[in-house]
Protein chains: 2
Amino acid sequence: MDKYKVRNNVRKLRFNHDEITQEQLAEKVGVTRQTIIAIEGGKYAPSLELAFKIALVFGVPLQEVFSYELEGDEK
Amino acid sequence: MDKYKVRNNVRKLRFNHDEITQEQLAEKVGVTRQTIIAIEGGKYAPSLELAFKIALVFGVPLQEVFSYELEGDEK
DNA sequence: ACATAATGTCAAGTAATTTTTACATTTTTA
DNA sequence: TAAAAATGTAAAAATTACTTGACATTATGT
């Protein structure tokens, strides 16, 4: 059950989607810029609620932003 | 952006899926029974990682277990 | 080259999630 | 109907997510 890790494409989505900035995304989902930086950098995984909010901003299903993959698997 | 709430069908899935018990689910995903109780009862939403783990146990995509809906909307 | 915007880092604090423990109630089964 | 299993409640401690603030670096534009 372990060895898995949460991955995300927030950074890619920010550029594909409106070229939105970290600060703008942070504002839209109601967190600080630090939180976005930490998530993009994989420092920690967001709460489920925040994950849903981010997906909403980009207008895509949650699993298109976040995925749960085996540790070593490079995309 | 707000007025939304995280909903889940963990309880239903436990019965549809193998009639698994709270304790067994807790064990499988590596948390305590209390955590499962709290999530089922909507006391709080799980971390993204735990949400993924639960979905994995039931063999369904995350959005089939958890959803992000407008506060009042009864399914 | 300079100014400004965007991104990154670090650290200490607050808030939310999860654990631990202990016991009470309901459901299942022998 | 009594024992055992499953579920529920509550509260304090621990861990993790998130905030705040202050400053450093990298990119963008004029």
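Values below: all heavy atoms of this structure, side chains included; hydrogens, waters and symmetry mates excluded. Residue numbers start from 1 in every chain, and the chains themselves are labelled A, B, ... in the order their sequence lines are given, proteins ahead of strands.
No contact: A:Ala38 has no heavy atom under 4.0 Å from any strand.
In this structure, B:Gln24 contributes its side chain and B:Thr21 its backbone to a donor-acceptor pair below 3.5 Å.
Residue B:Ile37 contributes atom CD1, which lies 15 Å from atom P of C:dT25 at whole-angstrom precision. Between the CG atom of A:Leu25 and the C1' atom of C:dA5 there is a distance of 17 Å, rounded to whole Å. Between the CD atom of A:Glu27 and the P atom of C:dT7 there is a distance of 13 Å, given to the nearest Å. Distance B:Leu50 CG to C:dT18 C1': 9 Å, rounded to the nearest Å. One atom, CD of A:Glu23, and another, P of C:dG8, lie 13 Å apart when rounded to the nearest Å.
In terms of heavy-atom proximity, B:Val10 sits nearest to B:Phe58 at O-CZ, 4.2 Å. Annotation for B:Glu64 and B:Asn9: closest pair O-OD1, 3.3 Å, computed over non-hydrogen atoms.
In this structure, CD in A:Glu49 is found 12.5 Å from CZ in B:Phe66, a value given to the nearest 0.5 Å. Rounding to the nearest 0.5 Å gives a distance of 9.0 Å between CZ of B:Phe52 and CD of A:Glu69. Rounded to the nearest 0.5 Å, atoms NZ (A:Lys28) and CD1 (A:Ile54) are 13.0 Å apart.
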Open item on the list: Using the rule given for side-chain contact (heavy atoms from CB on, under 4.5 Å), can you reason through A:Lys53 versus B:Tyr68, listing the C-alpha separation, both sets of side-chain angles and the distance that settles it, and then say yes or no?
Closed with: CA-CA 8 Å; A:Lys53 282 185 185 174; B:Tyr68 196 51; 3.2 Å; yes
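No single ILVMFWY cluster, assembled from side-chain heavy atoms under 4.5 Å apart, contains both A:Phe15 and A:Val29. Hydrophobic clustering, with ILVMFWY side chains joined whenever heavy atoms are under 4.5 angstrom apart, keeps B:Ile37 apart from B:Val57.
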Polar pairs (N or O, both sides) under 3.5 Å between protein and nucleotides 19-22 of chain C?
unit_1: C:dT19; atom_1: OP2; unit_2: B:Thr32; atom_2: N; d: 2.9
unit_1: C:dT19; atom_1: OP2; unit_2: B:Thr32; atom_2: OG1; d: 3.1
unit_1: C:dT19; atom_1: OP2; unit_2: B:Thr35; atom_2: OG1; d: 2.4

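Qualifying side-chain hydrogen bond (donor to acceptor under 3.5 Å, both in side chains) partners for A:Thr32, counting only residues two or more places apart in sequence or in other chains: A:Thr35.
Applying the 4.0 Å criterion to OP1 and OP2 of C:dT17, one finds that A:Ser47 has every side-chain N and O outside that range.
Mapping B:Lys43 and B:Arg11 onto DNA chain D by nearest heavy atom places B:Arg11 at the nucleotide closer to the 5' end. Taking the nucleotide of DNA chain C with the nearest heavy atom to each of A:Ile20 and B:Leu48, the more 5' of the two is matched to A:Ile20.
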Considering only distance and modelled atom types, tabulate donor-acceptor pairs under 3.5 Å from the side chains of residues 39-48 of chain B, sequence neighbours left out.
unit_1: B:Glu40; atom_1: OE1; unit_2: B:Arg11; atom_2: NH1; d: 2.6
unit_1: B:Glu40; atom_1: OE1; unit_2: B:Arg14; atom_2: NH2; d: 3.4
unit_1: B:Glu40; atom_1: OE1; unit_2: B:Gln22; atom_2: NE2; d: 3.3
unit_1: B:Glu40; atom_1: OE2; unit_2: B:Arg14; atom_2: NE; d: 2.6
unit_1: B:Glu40; atom_1: OE2; unit_2: B:Arg14; atom_2: NH2; d: 3.2
unit_1: B:Ser47; atom_1: OG; unit_2: B:Leu50; atom_2: N; d: 3.1

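For the helix from C:dA1-D:dT30 to C:dA30-D:dT1, the end axes, each set by the C1' atoms of five terminal pairs, are bent relative to each other by 60° (nearest 10°).
Nucleotides of DNA chain D that come within less than 4.0 Å of any heavy atom of chain A span, from the 5' end to the 3' end, D:dA17 to D:dA22.
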